[in-house]
Amino acid sequence: MSTIAETAPRGQARRRMRIDGWRWGGRIFLVFMLLYTALPMIWMLITSIKSGFAAMQFPPQWWPDQPTLDSYQKLLDPQNSVGQDFLRFFWNSLFVSTATTILSVIVAVPAAYAFSRFTFPGRNFLFFAVLLRNMFPAVIFLVPLFILMRAIGLVNTHGSLILTYLTFGLPLAIWLLKGFYDNIPVQLEQAARIDGATRFQAFVLIVMPLSAPGIIATAIYSFIGAWNEYIYAYTFLSKNDQLTLPVGIQRFFSENTTDFPGLMAASFMMSVPVVVLFLVLQRYFVRALTEGAVKH
């Protein structure tokens, strides 16, 4: 009996040590991933407050002797050509991303609800056909879409980007929202219908508030995808006043020299809206992913 009594605590101790080992391993991995993702941002920020000479030094100067905000002042000053271009590019990206996000939510919400609640011929085939586009890289559709946009007169307009981003963002948005709607009990809508509400009223008053995290996650995904996209913006737009930030930032490169502090400052300011948006709304994004993936 004593042997059994002594063996049990030893087994529990070994189990706790094994669990603690995995836990500490996970923590070390998370710290490594944090450094892996944060260090480029930190280096970009440090370079943006250097002078042009300090940014080109080798070996690199890890912290400038005389930090300066001249690059940021130049970018935000509408009185000079650099500031005018940057603010115009920023506004263009904000307009295209916001319009894409609004349209994605407007289209994805009823589409996902229809796939979740209604049964109709070809429902499963149509749902998986929507996801079929994600099997192919975006560059495959570049030439056909350019020919299409030129035929309908949308080249060198923001409409070409909004329509393209909407097409590419909808499959995942619909899939994400459908998984979320599947976990909202149908009985809630039925109870509202019994109380006299129409299906549309039940959807707006009952389903929409409960699906807010999924809608917010869809909006975040659509906004980030449109904000960071480069290939289609570079192909469809050639006029300077129509360019978005990912394409406009390349203006800091020239044939003879490159303004690295200005380039890093512009890149850092471009990343700020996405980072702030995700930090503010990340709990909704995580909740939508977990609730959409687990069947209750």
Side-chain angles (χ1 to χ4, degrees), residues 94-136 138 141 145 148 152 154 158-227 229 274 277-278 280-296:
L94 186 63
F95 171 74
V96 170
S97 301
T98 304
T100 302
T101 300
I102 294 174
L103 290 176
S104 295
V105 171
I106 292 176
V107 176
V109 166
Y113 182 79
F115 280 120
S116 176
R117 291 292 190 262
F118 299 114
T119 301
F120 49 87
R123 171 177 171 271
N124 293 333
F125 172 79
L126 183 60
F127 179 67
F128 287 105
V130 169
L131 296 175
L132 186 64
R133 194 222 63 82
N134 287 349
M135 295 176 58
F136 304 96
F141 304 96
L145 280 176
L148 175 63
I152 61 180
L154 289 181
H158 292 151
S160 61
L161 296 184
I162 294 172
L163 186 60
T164 301
Y165 299 161
L166 178 65
T167 303
F168 289 164
L170 275 178
L172 185 58
I174 293 175
W175 175 82
L176 182 66
L177 279 175
K178 179 187 178 297
F180 203 90
Y181 287 140
D182 288 342
N183 290 322
I184 298 178
V186 182
Q187 290 79 4
L188 295 177
E189 297 176 67
Q190 294 174 344
R193 297 288 300 277
I194 292 174
D195 290 338
T198 62
R199 178 178 287 276
F200 180 75
Q201 290 174 333
F203 172 71
V204 172
L205 299 177
I206 303 298
V207 178
M208 287 284 286
L210 294 175
S211 62
I215 295 175
I216 292 174
T218 301
I220 294 174
Y221 167 77
S222 300
F223 185 89
I224 293 177
W227 183 267
E229 203 282 324
V274 175
L277 180 67
F278 187 80
V280 172
L281 302 176
Q282 63 174 328
R283 61 191 182 97
Y284 298 103
F285 190 75
V286 174
R287 180 181 169 188
L289 291 177
T290 54
E291 293 195 9
V294 179
K295 187 70 175 178
H296 296 293

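This is a predicted model, so every value here is computed, not measured.
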Is there side-chain contact between [X] and [Y], with heavy atoms separated by less than 4.5 Å?
X    : Y    : result
L163 : F168 : no
W175 : F115 : no
Y181 : V109 : yes
I215 : M208 : yes

Identify, with sequence neighbours excluded, every residue that meets side-chain hydrogen bond (donor to acceptor under 3.5 Å, both in side chains) alongside R117.
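Residues passing side-chain hydrogen bond (donor to acceptor under 3.5 Å, both in side chains) with R117: E189.
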Atom pair [atom1] ([X]) and [atom2] ([Y]), whose distance is rounded to the nearest 0.5 Å:
X    : Y    : atom1 : atom2 : value
S116 : I184 : OG    : CD1   : 8.0 Å
S222 : L170 : OG    : CG    : 7.5 Å
E229 : I224 : CD    : CD1   : 14.5 Å
L145 : T167 : CG    : OG1   : 7.0 Å
I102 : L166 : CD1   : CG    : 12.0 Å
L161 : F95  : CG    : CZ    : 10.5 Å

Nearest non-hydrogen partners of [X] and [Y], listed with the distance:
X    : Y    : result
G196 : Q201 : O-OE1, 4.2 Å
W227 : V274 : CD1-CG2, 3.3 Å
A192 : A202 : CB-CB, 4.0 Å

Closer than 3.5 angstrom, by distance alone: can the side chain of S211 be matched with the main-chain N or O of G214 as a donor-acceptor pair?
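Not at all, since once roles are kept as given, no pair shorter than 3.5 Å links the two residues.
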Apply the test side-chain contact (heavy atoms from CB on, under 4.5 Å) to residues Y221 and L176: give CA-CA distance (whole Å), side-chain angles for both, the deciding distance (0.1 Å), then the verdict.
CA-CA 10 Å; Y221 167 77; L176 182 66; 5.7 Å; no
Set of salt bridge (Lys or Arg N to Asp or Glu O under 4.0 Å) partners for R199, sequence neighbours left out:
none
Listed partners of Y165 passing ring-ring contact (aromatic ring centres under 6.0 Å, His included), at least two apart:
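Y165: no ring-ring contact (aromatic ring centres under 6.0 Å, His included) contacts found.
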Counterpart residues, side chain to side chain contact (heavy atoms under 4.5 Å, CB included), relative to [X] (two or more places apart):
X    : result
A111 : I174
A99  : I162
T119 : none

Looking at F200, I'd like to know if its CZ atom is crowded, meaning that more than 12 non-hydrogen atoms belonging to other residues, nucleotides or ligands lie closer than 6.0 Å.
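Counting other residues, nucleotides and ligands, CZ of F200 stays at 12 neighbours or fewer.
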Let's go through T100 and F223 carefully: what are the C-alpha distance in whole Å and the side-chain angles of both, what is the deciding distance for side-chain contact (heavy atoms from CB on, under 4.5 Å) to 0.1 Å, and is it a yes or a no?
CA-CA 7 Å; T100 302; F223 185 89; over 6 Å; no
